[in-house]
A.B. asks: 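Please see the structure below; I have some questions.
In each ligand, atom 1 is the first atom listed, and ligand 1 is the first ligand listed.
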Amino acid sequence: MKIVFFSSKPYEQAFFDEANKKFGFELVYFAHHLSRHTNLKSLSADAVCVFVNDTLDHDVLLALQQQNIRLVVLRCAGFNNVDLSAAEKLGIKVVRVPAYSPYAVAEHTVGLMLSLNRKIHRAYSRVREGNFSLEGLLGFDMHGRTAGVIGTGRIGSLVVRILSGMGCRVLAYDPRKNDECVQSGADYVSLPELYAQSDMISLHCPLDCNTHHLINAEALAQMKDGVMLINTSRGAVIDAAILAPGLKSGKIGYLGLDVYEQEGDLFFEDLSNDIIQDDVFERLVTFPNVLITGHQGYFTVDALRNIAQTSLANARAIEQGQICENELTTTVLRGTCQ
Ligand code: NAI
């Protein structure tokens with residue numbers, strides 16, 4: 001089987017090459033995104049392997065089908081960038097890596113919280129410049145504060161466990177209660193209650209039509225003044241337009257993002273010599289109480305090893321006509337929305 005990769009980076013290729021010793025696929029790596037503008041002719045591939053910012057809408061899937069490509073291997077968990085109904089109608093199978101290291105993302109989430117609270121990102125620069133003043137670096141004990149976790153699946157439940165371990169009171173919201181979180185000490189409450197009572201709010205739900213712009217002006221208005229808002233899920237769960245006004249008014253006291261609504265034009269690339277055109281993003285990075293990382297929550301050796309191994313095992317299962325537990329079908333979406 002020939003698998004062509006899009007949005008591929010050297011740091012992940014090493015993990016795929018290592019995992020592929022067991023599978024023996026032909027792997028071809030392209031750095032550019034897969035989109036409507038990608039020339040798919042002469043690929044002669046059996047499958048494409050894609051990441052979070054590749055586009056797999058109806059037109060792209062149709063173009064893949066016309067090139068006899070019948071398999072999309074997502075090397076990520078989220079699948080909001082894939083039109084699953086179109087894939088099913090076109091006879092294209094879609095597989096993903098549902099969990100490669102929820103620990104990686106949960107630990108990064110708490111890392112953002114701790115850095116923002118204790119201003120470690122600012123202290124790092126100050127000390128390097130010989131500025132040992134503590135002015136502006138005052139933090140608070142997280143012990144005893146209330147943290148709201150929205151989405152208590154694989155990642156959110158670990159965040160609950162870590163924060164409970166730190167002595168936070170944890171409130172949770174999820175349409176499906178997770179008993180592990182209750183055992184960790186979380187109280188499930190309604191969203192308005194979570195908004196009203198939380199000092200820190202962390203988002204861990206998928207992006208779908210229910211969660212698109214879940215955090216909008218109306219939701220923000222219900223939160224405590226000076227709330228800490230953390231998003232390591234998917235950018236569009238927050239309406240990015242509310243962030244700068246929320247920071248300017250002091251409603252948002254701390255903002256930690258690993259994902260951003262328009263990240264497809266920015267993240268995973270070195271744009272340090274370019275003029276960034278996204279004014280919303282550029283304004284955000286000017287605030288001292290904002291810490292943005294470029295979708296690196298998942299980025300640990302453990303996760304990359306699991307991603308490579310599971311992606312190739314998924315491709316092998318489909319190639320051999322076996323049932324692949326990581327296949328995405330519209331049936332799994334029944335009762336939800338994309
Ligand atoms: P999961 O599927 O295990 O858990 C998601 C949870 O969200 C489920 O319990 C579900 O019931 C809940 N949920 C669904 N709709 C909801 C709603 N309207 N409100 C509140 N909760 C809702 O997913 P997992 O693996 O924990 O991933 C969580 C998020 O993290 C996803 O958005 C995923 O795309 C993102 N992610 C981010 C990474 C990064 O590097 N920053 C890496 C991996 C995942």
A.B. asks: Does Y100 reach ligand 1, in the sense of a heavy atom lying below 4.0 Å from it?
C.D. replies: yes
A.B. asks: Using a strict 4.0 Å cut-off to heavy atoms of G151, name the atoms of ligand 1 that fall inside it.
C.D. replies: 7 (O), 20 (C), 21 (N)
A.B. asks: T109 and S202: which non-hydrogen atoms are nearest, and at how many Å?
C.D. replies: CG2-OG, 3.2 Å
A.B. asks: Which option out of L207, D174, L158, L214 puts a heavy atom nearest to atom 10 (C) of ligand 1?
C.D. replies: D174
A.B. asks: Using a 4.0 Å cutoff against the non-hydrogen atoms of I150, which atoms of ligand 1 qualify?
C.D. replies: 20 (C)
A.B. asks: So between C205, A303, G78, whose heavy atom ends up nearest atom 32 (O) of ligand 1?
C.D. replies: C205
A.B. asks: Please compare C181, G153, G294 and report which has the shortest non-hydrogen distance to atom 4 (O) of ligand 1.
C.D. replies: G153
A.B. asks: Taking the side chain as every heavy atom from C-beta outward, state whether V73 and L71 have any atom pair closer than 4.5 Å.
C.D. replies: yes
A.B. asks: Kindly check if the number of other-residue, nucleotide or ligand heavy atoms within 6.0 Å of NZ (K89) is above 12?
C.D. replies: no
A.B. asks: Counting non-hydrogen protein atoms only, what is the nearest one to atom 37 (C) of ligand 1? Give residue, atom name and distance.
C.D. replies: T232 O, 3.2 Å
A.B. asks: When you measure from atom 26 (O) of ligand 1 to every protein heavy atom, which one gives the shortest distance, and what is it?
C.D. replies: I155 N, 2.8 Å
A.B. asks: Taking a cutoff of less than 4.0 Å between a non-hydrogen atom of the residue and any ligand atom, is P175 in contact with ligand 1?
C.D. replies: yes
A.B. asks: Using a strict cut-off of 4.0 Å, indicate which atoms of ligand 1 neighbour a heavy atom of R176.
C.D. replies: 8 (C), 10 (C), 11 (O)
A.B. asks: Using the benzene-type ring in the case of Trp, are the ring centres of F5 and F16 under 6.0 Å apart?
C.D. replies: yes
A.B. asks: Hey, does Q296 come in under 3.5 Å of ligand 1, counting only N/O atoms on both sides?
C.D. replies: no
A.B. asks: Kindly indicate whether a cation-pi arrangement holds for R126 with Y124, taking the cut-offs as under 6.0 Å to the six-membered ring centre and within 45° of the axis.
C.D. replies: no
A.B. asks: Could you list which atoms of ligand 1 come closer than 4.0 Å to a heavy atom of V105?
C.D. replies: 38 (C), 42 (C), 43 (C)
A.B. asks: Hey, are the side chains of E261 and H213 touching, using non-hydrogen atoms and a 4.5 Å cut-off?
C.D. replies: yes
A.B. asks: Are F299 and Y11 close enough that their ring centers fall under 6.0 Å?
C.D. replies: yes
A.B. asks: Under the criterion ring-ring contact (aromatic ring centres under 6.0 Å, His included), which of F6, Y29, Y298 is the partner of F51?
C.D. replies: Y298
A.B. asks: Which residue and atom name correspond to the protein heavy atom nearest atom 18 (N) of ligand 1, and how close is it?
C.D. replies: T211 CG2, 3.3 Å
A.B. asks: What is the closest protein heavy atom to atom 40 (O) of ligand 1, and at what distance does it sit?
C.D. replies: Y298 N, 3.0 Å
A.B. asks: Would you mind checking which non-hydrogen protein atom is closest to atom 19 (N) of ligand 1, with the distance to 0.1 Å?
C.D. replies: Y173 CE2, 3.5 Å
A.B. asks: Which atoms from ligand 1 have a heavy atom of D258 less than 4.0 Å away?
C.D. replies: 39 (C), 40 (O), 41 (N)
A.B. asks: Please report which non-hydrogen protein atom sits nearest to atom 28 (C) of ligand 1, along with the residue it belongs to and the distance in Å to one decimal place.
C.D. replies: H204 O, 3.2 Å
A.B. asks: Should L40 and L64 count as side-chain neighbours, where that means a heavy-atom distance under 4.5 Å?
C.D. replies: yes
A.B. asks: At a 4.0 Å threshold, what atoms of ligand 1 neighbour a non-hydrogen atom of T152?
C.D. replies: 9 (O)
A.B. asks: Knowing that exactly one of D208, I238, V237 qualifies, which makes a side chain to side chain contact (heavy atoms under 4.5 Å, CB included) with L214?
C.D. replies: V237
A.B. asks: Out of G235, P206, G297, whose heavy atom sits nearest atom 14 (C) of ligand 1?
C.D. replies: P206
A.B. asks: Does N314 reach the main-chain N or O of A317 with its side chain, forming a donor-acceptor pair under 3.5 Å?
C.D. replies: no
A.B. asks: Could you tell me the residue and atom name of the protein heavy atom closest to atom 35 (C) of ligand 1, and the distance to it rounded to 0.1 Å?
C.D. replies: S233 O, 3.5 Å
A.B. asks: Less than 4.0 angstrom from a charged side-chain N to a carboxylate O is my criterion; do R316 and E319 meet it?
C.D. replies: yes
A.B. asks: Report the member of H212, R234, R154 with the shortest heavy-atom distance to atom 25 (O) of ligand 1.
C.D. replies: R154
